[in-house]
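Here the structure comes first, spelled out in structure tokens, and everything after it is commentary.
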Number of protein chains: 2
Amino acid sequence: MARAVRRSAGSPAPRSEDVARVAGVSRKTVSRVLNNEPYVSDAVRQRVLEAAEELGYRLNNAARALASGRTRSIGVVALGTAGYGTAMLLVGIEKAVRDAGYALRMVSTLDGEPDDIARAVDSLLEQGVDGIIVSEPIVEGEVPVRVDVPVLFLGAPPAFVSARTLTVGVGAYELARAATDHLLNLGHTTVHHLAGPGRWYASKDRVEGWRAALSARGAHEPPVIEGDWLPTSGYAAGRELAADSSVTAVFVAGDDMAVGMIHALREAGRSVPEDISVVGFDGNPVFAYVVPALTTVRQPFDAAAREGIRLLVHAIEEPETGLPPAGDPPVELVVRGSTAPPPARKAPIRGRRMASGSSGSAHAPPAGGGPPTTD
Amino acid sequence: MARAVRRSAGSPAPRSEDVARVAGVSRKTVSRVLNNEPYVSDAVRQRVLEAAEELGYRLNNAARALASGRTRSIGVVALGTAGYGTAMLLVGIEKAVRDAGYALRMVSTLDGEPDDIARAVDSLLEQGVDGIIVSEPIVEGEVPVRVDVPVLFLGAPPAFVSARTLTVGVGAYELARAATDHLLNLGHTTVHHLAGPGRWYASKDRVEGWRAALSARGAHEPPVIEGDWLPTSGYAAGRELAADSSVTAVFVAGDDMAVGMIHALREAGRSVPEDISVVGFDGNPVFAYVVPALTTVRQPFDAAAREGIRLLVHAIEEPETGLPPAGDPPVELVVRGSTAPPPARKAPIRGRRMASGSSGSAHAPPAGGGPPTTD
DNA sequence: GTGAAAGCGCTAACAC
DNA sequence: GTGTTAGCGCTTTCAC
């Protein structure tokens, strides 16, 4: 398909009327065929398709949208921070949107303040979209905008005054909990936490998962340290933590920060994982190749995107129906070399245990020796 | 702005006619004001703006596009590979597009085969775009599609039968050359190269830059090894190279692969940078925190995106005018710990030298000791 | 400076 | 199964 390079550059683009004339049918019949509507005989359908191909006809979406009131496109408000996670999510969203038969319009916003999000949503609405997906917003406070289309919040509670908002989690709470449990299961008496910026929902979920794991064991809860997702802030936090000899385990809210932290820890003479264990968050495969290979939890980007779009499309196409139930994505803990039992006492006999529902890949302890666990 | 949350959810969206009535003018005048056209008195302009605000009026872009023939949006064909580089470029493109007053439509394609690109371009054209930007396509062969709008190829030669194609490089050739020169300047007699997949233009440019640096010195050119951008392929190539005792320097076409390679090298008992130096490509800041910190070249993502969009928008808005000249983005070499003089003989006295036009940050040799060079 | 009329290319509702 | 008639909400052209 798309091989018909017929008409010369100068002539105006063919319209459905031209196709109708060539096929010897009415405009409406062309429309029926192009929209896969029933009640068209196969013979006519065939003729129309051939005529369209021959003319190099391409549907005019602006006209279609104007006439039908539907744009067949979905808008995404993405955060400008170009991390591994954000990128993976965006790609997942694009694919899910395309598979659902919609086009993607994208607006990114650096800051994610309510006003920024409002501006982004507004511009999407003006372009024309049938639904909006707001990806991991940093919100506090209500977003001041009027919306008539369904809006999906991915990884955050809704922040709109709208009858048609949806939410899909990205499993951050469960993942944070699994990461912390992993450390506790190794025998650490408590786990420190380097979080993302406090105003991000993505941070909050992880803090809560960590906190829940701690309190379920009655473990002492150390103060949260706050980073900014960048490796530099992990490095800074690592210097701080290295000075506290009671620290034996840290759950870090992002792989990049975790790598920065490990660097600072080792530089300060604390070895990882022998003295201090570190677990990251994201699942970037490259960190299987650093020393020590990073133990982390893998975010289910694709699953979250697919589920979110499924809900959103449902809300667009069948607003009346109740939403079908959603299955939770699996929690995946990837155990590599940056975690071990604490130095003082041995790990409990039962050894390593995966978090509930996990399918993590176990891996013989620390650095060097054999191809790393990459998957 | 966007604070006007007036009309109740049920009522139909206001049209320009409603605004005209409230402001006491004609529809055309409303259109003039909204499009910033001249010949409207300030008083009237003000009245119209107020009426629009009061009604919570939002322009209908489909209608505008249908009437004017322009959509005010630009489509991007992105590669589905969610690497650091791709993500950075995409974010840069989005911002540049928005700053130019256009909206972004995105289609990603996993494979980048000519047919995939054709399909992607076709779907963009159907949605309606005033211009298209194809980001680092993997092309060989001509893309079979008819296009009427300007198309910009970012980081690749044009692959279209179209009168209006543009190209903007991403500086890969120069960067590859600078990376290789850095190694040669350190005293290595030759430099091996781990490339990306042979069919990608992004790979070819880098191979050529490396080759040029080598031949400018009359250095022997070892066979190119081919990876797939993923760290695993760097690891595999590293195992191969480790077996060859003559290898002292490698230029790797991506940071992730470089990290994989270093891991394999060290695992095989070859130390980096003492035995073998490795330079990456991309400039992901997190690799300042691995051991050894990765020497790399930084891609000018934002500059390339801005320049590309500038050209594209110019081609859209003033098709007749000759294109304004483009300034080349600076070549940035980031010297960190993974490169050093070769083991056998000492480096030339003049020491390290930056590549032409570079602004790389020098950094005292290998691992551990002081915060890494991150910028 | 401002307005009236026409029409962009498609789909909706209904007739046949 | 298929065709006819009306718009969708804006910009254009040209008159005033």
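Quick caveat, the model's predicted, so the values are computed rather than measured. Chain identifiers are assigned alphabetically (A, B, ...) following the order of the sequence lines, protein sequences preceding nucleic acid strands; residue numbering begins at 1 within each chain.
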Expressed as a whole number of angstroms, how long is the span from Asn61(A):CG to dC10(C):P?
10 Å
Do Glu53(B) and Glu50(B) come within less than 4.5 Å of each other through their side chains, counting heavy atoms only?
no
Could you check how far CZ of Arg64(A) sits from C1' of dT11(C), rounded to whole Å?
9 Å
If each of Val44(A) and Arg72(B) is mapped to the nucleotide of DNA chain D with the nearest heavy atom, which maps nearer the 5' terminus, i.e. the 5' end?
Val44(A)
Using side chain to side chain donor-acceptor pair (under 3.5 Å) as the criterion, point out the one residue from Asp122(B), Asp115(B), Asp116(B) that pairs with Arg119(B).
Asp116(B)
For Glu126(B) and Arg105(B), run salt bridge (charged side-chain N to carboxylate O under 4.0 Å, His left out): C-alpha distance rounded to whole Å, both residues' side-chain angles, the deciding distance at 0.1 Å, then the answer.
CA-CA 11 Å; Glu126(B) 196 158 290; Arg105(B) 318 234 156 140; over 6 Å; no
Student check: side-chain heavy atoms of Val44(B) and Arg32(B) closer than 4.5 Å
no
side-chain contact (heavy atoms from CB on, under 4.5 Å) partner of Val77(A), the single match among Ile133(A), Val121(A), Leu154(A):
Val121(A)
Going 5' to 3' on DNA chain D, which nucleotide is the first and which the last to come under 4.0 Å of a heavy atom in chain B?
dG9(D) to dT12(D)
Take atom CD of Glu126(B) and atom P of dG9(C), then tell me their distance rounded to the nearest Å.
15 Å
Let me have DNA chain D in dot-bracket notation, would you? Count Watson-Crick plus G-U wobble pairs, both distances under 3.5 Å, and use [ ] for pairs crossing earlier ones and | for inter-strand partners.
||||.|||||||||||
Leu311(A) vs His314(A) side-chain heavy atoms within contact, under 4.5 Å
no
Are the side chain of Arg98(A) and the backbone of Ser108(B) linked by a donor-acceptor contact shorter than 3.5 Å?
yes
Nucleotide dA12(C), atom C1' - distance to CZ of Arg70(A) in whole Å
14 Å
Any idea which heavy atoms bring Val22(B) and Leu55(B) closest together, and the distance?
CG2-CD1, 3.9 Å
Using a strict heavy-atom distance below 4.0 Å, which residues from residues 27-40 of chain B are in contact with DNA chain D?
Arg27(B), Lys28(B), Ser31(B), Asn35(B)
Return the value, rounded to whole Å, for the distance between atom CG of Leu125(B) and atom C1' of dG9(C).
16 Å
Starting at atom CG of Leu66(A), determine the distance to atom C1' of dG7(C), rounded to an integer number of angstrom.
12 Å
Would you indicate whether the side-chain heavy atoms of Leu90(B) and Met106(B) approach each other to under 4.5 Å?
yes
Considering all heavy atoms of both residues, which atom of Asp18(A) and which atom of Arg21(A) are nearest to each other, and what is their separation?
OD1-NH2, 2.7 Å
Residue whose closest nucleotide on DNA chain C lies nearer the 5' end, Glu17(A) versus Arg45(B):
Arg45(B)
Between Gly128(A) and Ser73(A) the two heavy atoms that sit nearest each other are O-OG, 3.3 Å
